[in-house]
Chemist: 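Input: one structure, supplied below.
FYI, the numbering just counts along the sequence from 1. Since the model is a prediction, treat every value here as computed from it, not as a measurement. Atoms within a ligand are numbered from 1 in the order they appear, just like the ligands themselves.
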Amino acid sequence: MSIRVYNKKRKFDETTEPEGKVVNRNLFRFVVQRHEASHLHYDFRLDLGGVLKSWAVPKGPSMNPADKRLAVMVEDHPVSYIGFKGTIPEGNYGAGTVEIWDKGFYFPIDKEQQRISERQALALLKKGELKIFLKGDKLEGEFVLVKMKPDEKNWLLIKHKDEYAVKKKYDSEQFRNTTQSAKKEHGKPKSE
Ligand code: MN
């Protein structure tokens with residue numbers, strides 16, 4: 001969904017969110033914003049193709065491969081949205097509070113876990129299945145985004161089994177005020 005949709009939905013004299021524009025470089029960053037709007041959800045955003053490709057994840061991401069988190073694709077956001085946090089005033093689209101739950105870098109990968117180009121990643125996204133390797137404070141390792149049906153906005157965000165995956169129940173809310181990864185929390189305690 002184009003960035004024009006993003007601009008159309010917002011009144012920039014009221015919200016402190018950045019105005020939408022497409023940029024021509026990509027730093028392979030990602031962000032997860034905890035958005036306490038009419039319904040609490042987590043916005044998962046990948047810096048790709050000059051915008052932030054965005055999904056609203058009602059339950060938040062999970063580091064447990066047994067979880068298949070519904071991720072509803074929403075309009076592309078401008079790359080400058082990556083640092084956005086604060087309050088969107090009442091009466092505006094997405095009114096509520098936004099905080100940064102996790103951020104970091106990612107790269108798109110193929111079936112053999114080899115890094116692929118941005119162009120290849122965009123093609124795979126269009127096909128409805130994109131594998132990524134995340135390096136955030138909380139989210140780490142391989143994930144996949146899979147579109148459930150053609151012509152629908154519903155995707156699944158699923159952790160792959162790897163050295164970063166956890167087996168315990170994963171609740172994003174539990175990690176709200178920490179930069180600790182799930183592995184550190186659930187695995188070996190860190191002394192610091
Ligand atoms: Mn949102």
Side-chain angles (χ1 to χ4, degrees), residues 1-23 26-64 67-106 121-122 125 128 130 132 134 136-139 143-149 151-159 170-179 182:
M1 251 180 286
S2 97
I3 206 111
R4 270 179 304 161
V5 179
Y6 171 92
N7 282 332
K8 243 186 217 167
K9 288 184 171 184
R10 290 168 176 81
K11 295 174 263 182
F12 295 104
D13 51 344
E14 291 186 20
T15 180
T16 54
E17 293 166 290
E19 223 166 308
K21 57 174 202 268
V22 178
V23 297
N26 166 281
L27 295 170
F28 292 100
R29 294 175 294 172
F30 82 93
V31 70
V32 182
Q33 281 149 327
R34 181 184 181 277
H35 189 180
E36 205 160 357
S38 49
H39 295 281
L40 173 68
H41 62 274
Y42 289 72
D43 291 303
F44 182 81
R45 310 190 198 279
L46 293 177
D47 179 0
L48 181 65
V51 295
L52 296 179
K53 294 290 173 193
S54 299
W55 291 263
V57 185
K59 286 189 172 177
S62 175
M63 287 294 289
N64 185 332
D67 294 327
K68 293 176 171 62
R69 296 292 206 234
L70 175 68
V72 181
M73 194 178 237
V74 296
E75 74 276 14
D76 294 343
H77 278 49
V79 171
S80 54
Y81 206 93
I82 210 154
F84 179 77
K85 54 183 175 181
T87 302
I88 302 168
E90 220 34 65
N92 285 268
Y93 178 72
T97 56
V98 176
E99 57 190 51
I100 294 172
W101 184 83
D102 197 19
K103 60 179 169 23
F105 292 90
Y106 81 96
L122 283 163
L125 191 74
L130 177 64
I132 47 180
L134 300 179
D137 293 323
K138 294 174 180 131
L139 300 180
F143 286 78
V144 66
L145 281 156
V146 203
K147 196 174 186 176
M148 288 168 78
K149 277 182 200 168
D151 309 320
E152 278 187 31
K153 294 172 187 171
N154 294 343
W155 294 60
L156 294 173
L157 174 64
I158 308 165
K159 178 80 191 85
Y170 191 92
D171 177 3
S172 306
E173 283 295 285
Q174 204 186 316
F175 299 97
R176 188 177 167 193
N177 297 312
T178 175
T179 52

Chemist: The Mn ion (ligand 1): which protein N, O or S atoms are under 2.8 Å away?
Modeler: H35 ND1, H41 NE2, D43 OD2

Chemist: Under the rule for side-chain contact (heavy atoms from CB on, under 4.5 Å), what residues qualify as partners of D171, not counting sequence neighbours?
Modeler: E173, Q174

Chemist: Evaluate the side-chain proximity of E17 to Y6: yes if any heavy-atom separation is below 4.5 Å, no if none is.
Modeler: yes

Chemist: For R4, give me all partners under salt bridge (Lys or Arg N to Asp or Glu O under 4.0 Å), at least two apart in sequence or on another chain.
Modeler: none

Chemist: Sequence neighbours excluded, which residues qualify as side-chain contact (heavy atoms from CB on, under 4.5 Å) partners of L156?
Modeler: K68, M148, I158

Chemist: Charged N to carboxylate O below 4.0 Å: is that the case for K159 and D67?
Modeler: no

Chemist: Suppose we call two aromatic rings close when their centres sit under 6.0 Å apart. Are F143 and Y106 close by that rule?
Modeler: no

